[in-house]
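This report concerns only the one structure given below.
Counting starts at 1 for both ligands and their atoms, in listed order.
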Amino acid sequence: MKARVLIIEDEPELGELVQLYLSKDGIDSDIAVSAEAGFESMAEGSYDLITLDINLPGMDGFEFLQDLRQKSDIPVLILSAREGDEDIVLGLGLGADEFVNKPFSPKVLVAKIRAILRRSLSGRDNFIPDSIAFGPFSLSPEGYYLEKNSNRILLSTKEFEVLRFLVQNPGTAFTPDEIYRTVWGQEYGDITTVGVYIQRIRKKIENSPALPEYILTIHGRGYLFDKRKLKGES
Ligand code: CA
């Protein structure tokens, strides 16, 4: 299946440049010059990923992302000219999957888009992988989904990967640094991002996120998935 990307970018030259890089890699795309136009494009066609500019006329990229996440878990890569960790943390908190700063290397951009597409499209394959059960939940490590009482719970790719890493290694505490290196695959970065993700996952799986039962905080050490919650374990 051919992937289709929606590029939300108000600078025409830049939008066309991204489109060109993607087309060289066999990925189709459309350009929307504002967040509002982006929603219109999404109503008309279906996309596998969105690249999102932050500084846009009218609704900005963060507002777009906030609205989008009410109705869709489509992967979003933020393409931002703004520097700074606050932007990244805010974007991730709102449900972005990946960040690339302008000016960007076309190779890095396309590689990151490819990696996200590979993960999200593989979830659509027909095979039913083994799942891991805990509480009312069922997590499919290869299928990239989490269900609660057979209802799908929307998780971004990185939320899923953080949860999967902890669930697959129950009873072991990991520092934010270890989680960051494993899930983001980078040696250096803003590890406070990990805490943001843990909070977001807790909101989706814990009865009371402030008093978590599944993902516990081990002071001075990090986070641990409670082994006793796994079905078939004691
Ligand atoms: Ca812009």
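- Between L117 and A3, the shortest heavy-atom contact is CD1-CB, 3.7 Å.
- Looking at T175 and D177, their side chains never bring a donor and an acceptor atom within 3.5 Å of each other.
- Taking F137 as the reference, F134, Y214 meet the ring-ring contact (aromatic ring centres under 6.0 Å, His included) condition, with sequence neighbours excluded.
- Of all protein atoms, those of element N, O or S that lie under 3.0 Å from the Ca ion (ligand 1) number 3.
- For the salt bridge (charged side-chain N to carboxylate O under 4.0 Å, His left out) test, residues two or more places apart in sequence or in another chain that qualify with E178 are R221.
- L224 forms part of a hydrophobic cluster together with L216, I218, judged by ILVMFWY side-chain heavy-atom separations under 4.5 Å.
- L49 CG to L6 CG: the interatomic distance, rounded to the nearest 0.5 Å, is 9.5 Å.
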